[in-house]
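The next block holds one structure in the form of structure tokens; read it before the comments.
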Amino acid sequence: MSVATMQELLSDFAERRDWGPFHTPKNLAMALVGEAGELAAEFQWLDPEESARVLDDPAKATAVRMEMADVFSYLLRLADVLGVDLETALREKVAINEKRFPADTSR
């Protein structure tokens, strides 16, 4: 599914519930931060090895996937509301980081 298709799916979902007035950039950014915190909580107190195996536990795997979906959904929705092309923004950011962190000197 493309980014645009995912954004259409979320936009339609919100529209059918009349959530548009609540999906302001500020509210979406705050919700995104909140969901990122919930994702981080799934890893809290795990050592590096445990965190690498978090998906081995079916219950934890479901929780992590759902929190990741929440984070992604709010990011997609925020980009849609603001008219940000995430694919272009990502390409621009990688190009900036290529200059900031050259592969041959970043080890």
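Computed from heavy atoms alone, side chains included, the values below leave out hydrogens, waters and symmetry copies.
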Only pairs under 3.5 Å count here: list side-chain donor-acceptor contacts from residues 26-40, not counting sequence neighbours, and write none if there are none.
| from | atom 1 | to | atom 2 | distance (Å) |
| --- | --- | --- | --- | --- |
| N27 | ND2 | F22 | O | 3.0 |
| N27 | ND2 | T24 | OG1 | 3.4 |

Which donor-acceptor pairs under 3.5 Å do side chains of residues 64-86 form with protein atoms, sequence neighbours excluded?
| from | atom 1 | to | atom 2 | distance (Å) |
| --- | --- | --- | --- | --- |
| S73 | OG | A69 | O | 2.8 |
| R77 | NE | H23 | ND1 | 2.9 |
| R77 | NH1 | D80 | OD2 | 3.3 |
| D85 | OD1 | E87 | N | 3.0 |
| D85 | OD1 | T88 | N | 3.1 |
| D85 | OD2 | T88 | OG1 | 3.1 |

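Every side-chain hydrogen bond (donor to acceptor under 3.5 Å, both in side chains) that D12 has, sequence neighbours left out, goes to R16. Not counting sequence neighbours, the partners of P102 by the side chain to side chain contact (heavy atoms under 4.5 Å, CB included) test are D104, T105, S106. Residues that satisfy the side-chain hydrogen bond (donor to acceptor under 3.5 Å, both in side chains) test with R17, not counting sequence neighbours, are absent from this structure. Scanning for salt bridge (Lys or Arg N to Asp or Glu O under 4.0 Å) contacts around R100 gives an empty result, with sequence neighbours left out. Every residue two or more places apart in sequence or in another chain that forms a side-chain hydrogen bond (donor to acceptor under 3.5 Å, both in side chains) with T5 is listed here: S2. Scanning for ring pair (Phe, Tyr, Trp, His ring centres under 6.0 Å) contacts around F13 gives W19, with sequence neighbours left out. Partners of Q7 according to the side-chain hydrogen bond (donor to acceptor under 3.5 Å, both in side chains) rule, which considers only residues two or more places apart in sequence or in another chain, do not exist here.
Identified under the salt bridge (Lys or Arg N to Asp or Glu O under 4.0 Å) test for residues 40-55, with sequence neighbours left out: E42-K60. Among pairs with a residue in residues 88-97, none fulfils salt bridge (Lys or Arg N to Asp or Glu O under 4.0 Å), at least two apart in sequence or across chains.
Alongside F101, the hydrophobic cluster contains no other residue (criterion: ILVMFWY side chains under 4.5 Å).
Put simply, M1 and V3 are part of the same group of oily side chains (I, L, V, M, F, W, Y) that touch within less than 4.5 Å, one to the next.
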